[in-house]
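Okay, handing you the structure first.
Only heavy atoms go into these numbers, but all of them, side chains included; no hydrogens, no water, no symmetry mates. Here is how names work: the chains are called A, B, and so on, in the same order as the sequence lines, proteins then strands, and each is numbered from 1.
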Amino acid sequence: MSLRFHNTLTLRMEEFAPQDGKTVRMYTCGPTVWNYVHIGNLRTFASQDILRRWLRYRGWELRHAMNLTDVDDRIIQQAAEAGQTIYDYTAGYAAAFFEDTAKVRLEKPEIVCKATDHIGDMVDVIQQLEKNGCTYVSEGSVYFRITGFPEYGKLSHTRFEGNKAGARVDTDKYDKENARDFVLWKARKEGEHFWDSQLGAGRPGWHIECSAMAMKYLGETLDIHAGGVDLVFPHHENEIAQAEAASGKPFARFWLHTEHLMVEGQTMSKSLGNFYTLRDLLEKGHSPESLRYLLLSVPYRKQLNFTFDGLRSAATAIDRLRNFELRLHTARFDEGVDALMEERAAKAISQFEAALDDDLNTAEALGAVFEYVREVNTAMDAGGFRDGNRVGAGNLLAKFDAIFDVLRPTVAGNAISDDEIEKLSAERTQAKKAKNFARSDEIRNLLLAQGVVLEDTKEGVRWKRK
RNA sequence: GGCGCGGUAGCCAAGUGGUAAGGCAGAGGUCUGCAAAACCUUUAUUCGCGGGUUCGAUUCCCGCCCGCGCCUCCA
């Protein structure tokens, strides 16, 4: 089966392959670095992480660029309130972003580009748009004239001329010819950060950074452009208008949008008191892997309802997989290879792959893995799983974890060492043999307090970190 | 009003024109010094509601109800 994605541009499933048959050129809208990442951000970024990993799994090379928005109205305002330059203000949050995303095991894109490092590139694109007659100047600011771009609205599937002049469109912006026109370059305002350019003193509008940087690093036509659903309009629509009006070429072939995360059935917002950053969850004692699993367990085009109950369920589900892996590595099996078990592993892998090929159906992919785990556990109990089957089973787990990446526990820096655990475990076994159950229970509890669980099995003791 | 997503067991959730994957929780069991941990079994005659097409629909069509998002900054 071939790799297919749902394309927002066409609202259809389409077979995917990169233009050049080798390297996928992908752009994703990154964070505005004015705060710590929240779990809604992470839902989108996690879905893009799966996309990255799956594209590579399927043999493509990857050239993925992600922007950091480090200048906008909020940043300017908050930096001013903090008495800092925008550079000082955003540097800390940019660093925190990569610390946090690494904890939930998001791969870093090949290219990370900051808006403030690319002012000149944005000015170049705006000048090209001027040349192409798509702009006008009003009160010192440069605007994009959407009536000059007939395809405006093709991504959000909106025909603006037929649209009711709704209450939500600003009607007091006298400086624009059309309410939907958007700013490319904002004239300098007193006290605000600005750059001198051929366009005059000012700063870039929000949308231009993505068009400029994407084309600079990936060429005029991208294979994939992705982001959260809220960006479809106006951000991505405007990116298309800017890029295509400047280059005359299609900006991106595939547009992938991740649905939003809700919290307890409601929109996450600070005013509702249900707003969580990754740091909030870690402080409450939840593991980064459990959040990663939860975020990935619902396919990206479906709204995900975050609950703490769900987070705990995710942690338990991961335990089941880790227990299986531990059993696979520690239990004793009869010599030989069981053909049926090999067949089951191959079937599980093909189901797993077909699921992810189908627009990254992570829920179905997980189903294939769990079904396999249960069948193999049953076979292990019945003696049907042989020593030679370890390779096939391990291979399946490796493929699974290359994408989901949740099997390896996060171990704190001050955790008890493996050697100490082994030593205490051995002492407990001795105590048990001597029927000194008081001492053996004491050791078990002592290790439990350190987050280590001892398990008695037919073949002896095994341990794991919780 | 326009555009889009969704309503499947207590919760999360996959799915197909031919009779419902998987996870969590619950119940039962195996193992065990008691435990812990682990593992196994089990839990929807039914897929928001009403019509229609069909030999047959949760899956296709029409209508309706409900939830959510975007149309303004937002992942």
Side-chain angles (χ1 to χ4, degrees), chain A residues 6 8 11 28-32 37-48 69 72-74 153 155-160 162-170 173 179-180 206 226-235 237 257-262 265-269 293-294 297-307 309-321 323-324 326-327 331 351 355 358 361-374 376-378 380-382 432 435-437 440-441 444-445 448 453-458 461-464 466:
Chain A
H6 178 89
T8 308
L11 299 179
T28 56
C29 290
T32 301
V37 271
H38 62 251
I39 57 178
N41 293 322
L42 288 173
R43 206 288 236 238
T44 297
F45 297 137
S47 71
Q48 292 161 356
T69 299
D72 79 343
D73 291 347
R74 294 170 302 189
L155 182 70
S156 51
H157 304 282
T158 310
R159 293 170 54 209
F160 292 102
N163 205 15
K164 212 169 157 180
R168 311 193 95 185
V169 178
D170 279 343
K173 301 265 180 180
R180 300 283 183 182
W206 171 38
V229 273
D230 55 299
L231 296 182
V232 173
F233 188 88
H235 184 55
E237 197 72 72
H257 290 99
T258 304
E259 260 297 345
H260 272 188
L261 170 149
M262 315 284 287
Q266 291 185 292
T267 305
M268 180 170 77
S269 76
Y293 182 99
L294 176 61
S297 64
V298 180
Y300 78 98
R301 288 205 301 123
K302 183 164 174 167
Q303 278 180 0
L304 184 154
N305 186 22
F306 174 91
T307 62
D309 222 36
L311 192 58
R312 283 184 287 270
S313 299
T316 310
I318 293 172
D319 282 343
R320 181 165 163 77
L321 298 173
N323 287 327
F324 176 75
L326 190 62
R327 184 177 192 187
Q351 287 176 332
D358 184 20
N361 191 336
T362 46
E364 198 177 346
L366 286 171
V369 172
F370 278 103
E371 199 178 349
Y372 170 80
V373 166
R374 192 193 63 243
V376 173
N377 269 324
T378 303
M380 284 174 168
D381 288 343
K432 263 185 76 170
K435 304 243 184 232
N436 183 355
F437 297 123
S440 85
D441 287 349
R444 192 171 66 197
N445 290 330
L448 195 59
V453 179
L454 290 184
E455 299 178 3
D456 294 326
T457 73
K458 281 177 194 162
V461 193
R462 68 181 196 186
W463 60 267
K464 66 186 179 190
K466 262 291 193 187

Next item on the list: Indicate whether the side chain of A:Thr258 and that of A:Thr44 have a donor and an acceptor atom separated by less than 3.5 Å.
Entry: no
Check: B:U8 and B:U45: how far apart are their C1' atoms, nearest whole angstrom?
Finding: 14 Å
Note to self: Please tell me if A:Trp206 has a side-chain N or O lying less than 4.0 Å from either OP1 or OP2 of B:C74.
What the structure shows: yes
Notebook entry, point to check: In whole Å, what is the span from the CZ atom of A:Phe306 to the C1' atom of B:C11?
Noted result: 14 Å
Notebook entry, point to check: How is A:Leu448 classified with respect to the nucleic acid when contacts are heavy atoms under 4.0 Å: base, sugar-phosphate, or nothing?
Noted result: nothing
Note to self: Looking at B:A75 and A:Phe45: do their rings stack (centroid distance under 5.5 Å, interplanar angle under 30°)?
What the structure shows: no
Notebook entry, point to check: B:G50 and B:G6: how far apart are their P atoms, nearest whole angstrom?
Noted result: 22 Å
Checklist line | Nearest-Å distance once atom C1' is located in both B:U53 and B:C62 | finding: 11 Å
Next item on the list: Please state the P separation for the pair B:G63 and B:G2 - nearest whole angstrom.
Entry: 13 Å
With the criterion being N/O to N/O and under 3.5 Å, what pairs connect the protein with nucleotides 13-15 of chain B, and how long is each?
from	atom 1	to	atom 2	distance (Å)
B:A14	OP2	A:Lys302	NZ	2.9
B:A14	O3'	A:Asn361	ND2	2.8
B:G15	OP1	A:Asn361	ND2	2.7

Margin query: With the stacking rule set at 5.5 Å and 30°, tell me whether A:His157 counts as stacking on B:G4.
Written below: no
Nucleotide N/O to protein N/O under 3.5 Å, stretch nucleotides 23-28 of chain B:
from	atom 1	to	atom 2	distance (Å)
B:C24	O2'	A:Ser313	OG	2.8

If you look only at distance, which donor and acceptor atoms sit under 3.5 Å apart when one is on a side chain in residues 310-317 of chain A and the other is two or more places apart or in another chain?
from	atom 1	to	atom 2	distance (Å)
A:Ser313	OG	A:Asp309	O	3.0
A:Thr316	OG1	A:Arg312	O	3.0

Next item on the list: Send over the distance from A:Asp230 CG to B:C5 P, rounded to a whole Å.
Entry: 16 Å
Next item on the list: Give A:Gly228 one of three labels, base, sugar-phosphate or nothing, depending on what nucleic acid heavy atoms sit under 4.0 Å from its own.
Entry: sugar-phosphate
Notebook entry, point to check: With sugar-phosphate meaning primed atoms plus P, OP1 and OP2, does A:Gly227 contact a base, only sugar-phosphate, or nothing at under 4.0 Å between heavy atoms?
Noted result: sugar-phosphate
Note to self: Quick check for you: to the nearest 0.5 Å, what is the distance between A:His257 atom NE2 and A:Tyr300 atom OH?
What the structure shows: 10.0 Å
Next item on the list: Give one of base, sugar-phosphate or nothing for A:Thr267, where a contact means two heavy atoms less than 4.0 Å apart.
Entry: sugar-phosphate
Check: Tell me: OH of A:Tyr372 to C1' of B:A21, nearest whole Å?
Finding: 18 Å
Check: Say you pick atom C1' in B:G28 and the same atom in B:U46; how far apart are they, in whole Å?
Finding: 25 Å
Note to self: Strictly distance-based, threshold 3.5 Å: is any side-chain N or O of A:Glu237 a donor or acceptor partner for the main-chain N or O of A:Leu155?
What the structure shows: yes
Note to self: So, using side-chain contact (heavy atoms from CB on, under 4.5 Å) as the criterion, who are the partners of A:Pro299 when residues are at least two apart?
What the structure shows: A:Asn361, A:Thr362, A:Ala363
Margin query: Please report the distance, rounded to the nearest Å, between CE in A:Met262 and C1' in B:G67.
Written below: 8 Å
Item checked: All side-chain contact (heavy atoms from CB on, under 4.5 Å) counterparts of A:Asp381, not counting sequence neighbours -> A:Arg327
Next item on the list: Measure the distance from CG on A:Asp381 to P on B:U32 and round it to the nearest whole Å.
Entry: 13 Å
Show me the protein contacts with nucleotides 47-49 of chain B, counting only N or O atoms at under 3.5 Å.
none

Check: Using purine N1 to pyrimidine N3 plus N6-O4 or O6-N4 for Watson-Crick, or N1-O2 and O6-N3 for G-U wobble, both under 3.5 Å, which nucleotide pairs with B:A38?
Finding: B:U30
Next item on the list: Identify whether any heavy atom of A:Asn41 sits under 4.0 Å from a base atom; if not, whether one sits that close to sugar-phosphate; answer base, sugar-phosphate or nothing.
Entry: base
Notebook entry, point to check: Should B:C5 form a Watson-Crick or G-U wobble pair with both distances under 3.5 Å, which nucleotide is its partner?
Noted result: B:G67
Next item on the list: Under 4.0 Å between any heavy atoms, over every strand shown, what does A:Thr258 touch: base, sugar-phosphate, or nothing? Just pick one.
Entry: nothing
Margin query: In whole Å, I'd like the distance from the CG atom of A:Asn436 to the C1' atom of B:C34.
Written below: 15 Å
Next item on the list: Rounded to the nearest angstrom, tell me the gap between atom CG in A:Leu294 and atom P in B:G22.
Entry: 20 Å
Next item on the list: Look through every strand shown and name the nucleotide pairing with B:U19 as Watson-Crick or G-U wobble, where both distances are under 3.5 Å.
Entry: none
Notebook entry, point to check: Please give, in whole Å, the distance from B:U30 P to A:Glu455 CD?
Noted result: 20 Å
Notebook entry, point to check: Applying a 3.5 Å limit to both distances, which nucleotide forms a Watson-Crick or G-U wobble pair with B:A14?
Noted result: none
Notebook entry, point to check: What is the nucleic acid contact for A:His257, judged by heavy atoms within less than 4.0 Å: base, sugar-phosphate only, or nothing?
Noted result: nothing
